[in-house]
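Taking it in order: structure first as structure tokens, then the write-up.
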Amino acid sequence: MISVQQALQFTKNHTKTTPKTITLPLSESLGFVIAKDITSPISMPPFRQSAMDGYALGSIDDMTFKLIGEVKAGDEKEILLHKGEAIRIFTGAPVPKTAKAVIMQEKVTVSNITITLQETAKLHSNIRPAGEQIEKGDIALSKGTEITPAGIGYLASLGITTITVYQKPTIAIIATGNELVPPGQTLAHGQIYESNSVMLAATLAKSGFTDIVTHKVADDYEATRQLLDQMINTHDVVLISGGISVGDYDFVGKALGALNVKEVFYKVKQKPGKPLYFAKKEDKTIFALPGNPASSLSCFYIYVLPSLLKISGYRNHELNWRTVISDSEYTKKGQRAEFLKAHMANEKVTILDGQASSMLRSFALANAMVYLPEDISKVHVGDTVQVINLP
């Protein structure tokens, strides 16, 4: 068995950002990571722009001006302003090249075709210069930046319609076990509903991974080997739920060995999730997760999700650790590190009841996991503890 720290480091060291890139319409790029720098095709704003509704002035050393016209947003006409002249102007409208300032309408008294300022205007006030946000040819967003809704709006404002991003991995989920039946069927004695594949697929989708297939396989060596071979050949990442322990009907490890998969590690000194398996086959990534639901989800958050984010090019792909105050008491049984389902609020964390690896109810209420290293055996109210925020 290896430690949690070793498992995290091994996972990180054996995970590389994919070299695969795709070009997507900007409107479909949310959540992807930019694969090459994006340069701006225009300056933004592309012209001198009024920052407010008011009046553009031909000089700043006068207090009274003659109104000679009006410019609103979208107007293409150009007006030359001379000393003592002004135009009515609106937010976003192009400011005449000879205008010295824009004064807000609340600071002006209007009488027929004459305006009188209530205060002296300052040179260039309320004028957004061309290229204030970005100049043509400058880098708009750099390689490695995640595309957010604001990022889409920003690039659209520059006239960009397509971008090159890192391709997200294709993912296969395999649930193993004779006892598993789909929800909705009537349970026979000895059967349970299969929840892990549904749970993992939902967790992946929430994190922006949607190219997913799910399969179920019985506890049969040849069927397991054939399905694993097919999924490894056709997908970038394979997640296996169950069948990785050493029972008489656990065939995953044996089948992976027959497929010449290179094991990186097997078993981590942690609770829950000790029988975690991580392997590579060329550029393919394989995680065999414990069959107990809470163990499976814990291992997903701790090891699988950071790996998927790194593959997809995210800069921030590591766990989001925080140190907060415990609002609970907890005594650890055994020497392994523990990940405890918890709920965090107001910079305090409460360790939830129902920590068994088979129990998902507490996970359904959790927004964090408390991490207790091997050398910590007890937590008191008021102690500081390490916490992982759940996405």
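Remark: the backbone N or O of Ala279 is not paired with any side-chain donor or acceptor of Lys284 at under 3.5 angstrom. Using modelled atom types, one side-chain atom of Lys332 and one backbone atom of Pro373 make a donor-acceptor pair closer than 3.5 Å.
Around CD of Glu78, the count of heavy atoms belonging to other residues, nucleotides or ligands within 6.0 Å does not exceed 12. Residue Asp353 places its CG atom among 12 or fewer non-hydrogen atoms of other residues, nucleotides or ligands, all under 6.0 Å distant. Residue-environment remark: NZ (Lys333) stays at or below the threshold of 12 foreign heavy atoms within 6.0 Å. More than 12 heavy atoms of other residues, nucleotides or ligands sit less than 6.0 Å from atom CD of Gln118. More than 12 heavy atoms of other residues, nucleotides or ligands sit less than 6.0 Å from atom CG of Asp375. The environment of CZ in Arg315 is crowded: more than 12 heavy-atom neighbours from other residues, nucleotides or ligands sit within 6.0 Å. Counting heavy-atom neighbours within 6.0 Å of Lys280 NZ, excluding the residue itself, gives a total above 12. Other residues, nucleotides and ligands place no more than 12 heavy atoms under 6.0 Å from the NZ atom of Lys206.
Residue Phe300 holds its CZ atom at 12.0 Å from CG of Asn196, rounded to the nearest 0.5 Å. Considering OG1 of Thr145 and CD1 of Ile163, their distance stands at 10.0 Å, rounded to 0.5 Å. Taking CE of Met344 as the reference point, atom OG of Ser326 lies at 12.0 Å (rounded to 0.5 Å). Atom OG of Ser328 is separated from atom CG of Leu340 by 9.5 Å, given to the nearest 0.5 angstrom. Atom CD in Glu132 sits 12.0 Å away from atom CZ in Arg48 (nearest 0.5 Å). Atom OG of residue Ser298 and atom CG of residue Leu390 lie 8.5 Å apart, to the nearest 0.5 angstrom.
Relative to the six-membered ring of Phe363, Lys341 meets both conditions, a distance below 6.0 Å and an angle of at most 45° to the axis.
For Thr91 and Asp53, the side-chain atoms include at least one donor-acceptor pair closer than 3.5 Å. In this structure, a donor-acceptor pair under 3.5 Å is absent between the side chains of Thr23 and Thr162. No side-chain N or O of Gln230 forms a donor-acceptor pair with one of Gln226 less than 3.5 Å apart. A donor-acceptor contact closer than 3.5 angstrom links the side chains of Tyr330 and Glu338.
Counting heavy atoms from C-beta outward, Val108 and Leu117 have side chains that approach closer than 4.5 Å. Within the 4.5 Å cutoff, no side-chain heavy atoms of Lys97 are placed close to those of Phe47. Between Glu347 and Arg322 there is a side-chain heavy-atom pair separated by less than 4.5 Å.
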Candidate pair Glu374 and Lys269, rule salt bridge (Lys or Arg N to Asp or Glu O under 4.0 Å), full reasoning: CA-CA 8 Å; Glu374 296 174 28; Lys269 197 174 181 183; 3.6 Å; yes

Apply side-chain contact (heavy atoms from CB on, under 4.5 Å) to residues Phe251 and Thr176 and explain how you reach the verdict. CA-CA 9 Å; Phe251 297 113; Thr176 70; over 6 Å; no

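Lys83 and Asp61 are joined by a salt bridge, as a carboxylate oxygen and a charged side-chain nitrogen come within less than 4.0 angstrom of each other.
Below 30°, between 30° and 60°, or above 60°: for Phe339 and Trp321 the angle between ring planes is between 30° and 60°, a tilted geometry.
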